[in-house]
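Inspection log for the structure reproduced underneath, given as structure tokens.
Every number for a ligand or one of its atoms is a count from 1 in the order of the listing.
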Amino acid sequence: MISVAVGVIVSNKQVYLTYRNATQHQGDKWEFPGGKFELGETGKDALKRELFEEVGIIVKQAQPLTQITHDYGDKSVLLDVYIVDEFENEPKGKEGQHGKWLDIKKLDPLAFPKANIEIIKMLQSSSYSA
Ligand SMILES: Nc1nc2c([nH]c(=O)n2[C@H]2C[C@H](O)[C@@H](COP(=O)(O)OP(=O)(O)OP(=O)(O)O)O2)c(=O)[nH]1
């Protein structure tokens with residue numbers, strides 16, 4: 001089981017997404033930025049490091065949203081998901097990935113890896129959505 005820190009970066013009823021390219025596991029799909037824990041890291045440590053490396057933000061506040069385990073057949077993941085609602089810098093794909101802000105209401109679960117369905121449901125029924 002691979003532990004992955006996932007950041008749902010929210011602002012004004014929108015969320016920041018990055019695109020997983022075709023060569024990656026679960027590629028050609030949108031994702032919430034994040035990545036695997038490194039040895040000895042807590043979820044929040046991994047979240048902060050990954051969000052700085054991937055989208056250049058400094059996380060000021062993150063609240064745990066949920067933890068999701070999913071077996072893709074070729075890989076099992078544990079997504080440790082946080083809402084990030086205070087941060088410094090404007091997020092942008094620092095590793096060449098496409099990134100965009102999207103209304104939470106417009107999130108389409110089919111455009112994401114399967115493990116994300118539950119996250120999207122939670123967001124769309126929360127006060128973070130319009
Ligand atoms: N970052 C992120 N990963 C997700 C999401 N949903 C989901 O199933 N995953 C899965 C896909 C990958 O198996 C894993 C994230 O791994 P990663 O991004 O660090 O690794 P990778 O596949 O890009 O790179 P690597 O194995 O070549 O190092 O979590 C999501 O919303 N965000």
Ligand-residue contact atoms, ligand 1 with [X], heavy atoms, under 4.0 Å:
| X | value |
| --- | --- |
| Gly35 | 19 (O) |
| Tyr72 | 7 (C), 8 (O) |
| Pro113 | 6 (N), 7 (C), 8 (O) |
| Lys75 | 13 (O), 26 (O) |
| Gly34 | 1 (N) |

Proximity to ligand 1 by part of [X], non-hydrogen separation under 4.0 Å:
| X | value |
| --- | --- |
| Arg20 | side chain |
| Ile119 | neither |
| Ile2 | neither |

Asp74: what forms a side-chain contact (heavy atoms from CB on, under 4.5 Å) with it, not counting sequence neighbours?
His25, Tyr72

Identify the closest protein heavy atom to [atom]: which residue and atom is it, and at what distance?
| atom | result |
| --- | --- |
| atom 28 (O) of ligand 1 | Lys36 NZ, 2.8 Å |
| atom 6 (N) of ligand 1 | Asn116 OD1, 2.7 Å |
| atom 9 (N) of ligand 1 | Leu79 CD2, 3.9 Å |
| atom 29 (O) of ligand 1 | Val4 CG2, 3.6 Å |
| atom 30 (C) of ligand 1 | Phe32 O, 3.6 Å |

Backbone of Gln63 reached by a side-chain donor or acceptor of Lys44 within 3.5 Å
no

Hey, does the side chain of Asp108 reach the backbone of Leu110 with a donor-acceptor pair shorter than 3.5 angstrom?
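Between the backbone of Leu110 and the side chain of Asp108 there is a qualifying donor-acceptor contact (under 3.5 Å).
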
Going by atom types alone, do Thr18 and Glu31 pair a side-chain donor with an acceptor below 3.5 Å?
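There is such a pair between these side chains.
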
Counting C-beta onward and ignoring hydrogens, is there a side-chain heavy-atom pair between Gln97 and Asn21 closer than 4.5 Å?
no

For the residue pair Gln61 and Asp85, establish whether any side-chain heavy-atom pair is separated by less than 4.5 Å.
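The answer is yes; the side chains approach within 4.5 Å.
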
Only pairs at least two apart or in different chains count here, so list each side chain to side chain donor-acceptor pair (under 3.5 Å) that has a residue in residues 110-126.
none

Could you check whether Lys94 pairs with Glu53 (Lys NZ or Arg NE/NH1/NH2 to Asp/Glu carboxylate O, under 4.0 Å)?
no

Decide whether an N or O pair under 3.5 Å exists between Gln26 and ligand 1.
no

Using heavy-atom distances, let me know which of His25, Glu31, Gln24 sits nearest atom 1 (N) of ligand 1.
Glu31

Determine whether the aromatic ring centres of residues Tyr19 and Trp30 are separated by less than 6.0 angstrom.
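They qualify: ring centres under 6.0 Å apart.
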
Give a yes/no verdict on a cation-pi contact between Lys92 and Tyr16, requiring under 6.0 Å between NZ or CZ and the six-membered ring centre and an angle within 45° of the axis.
no

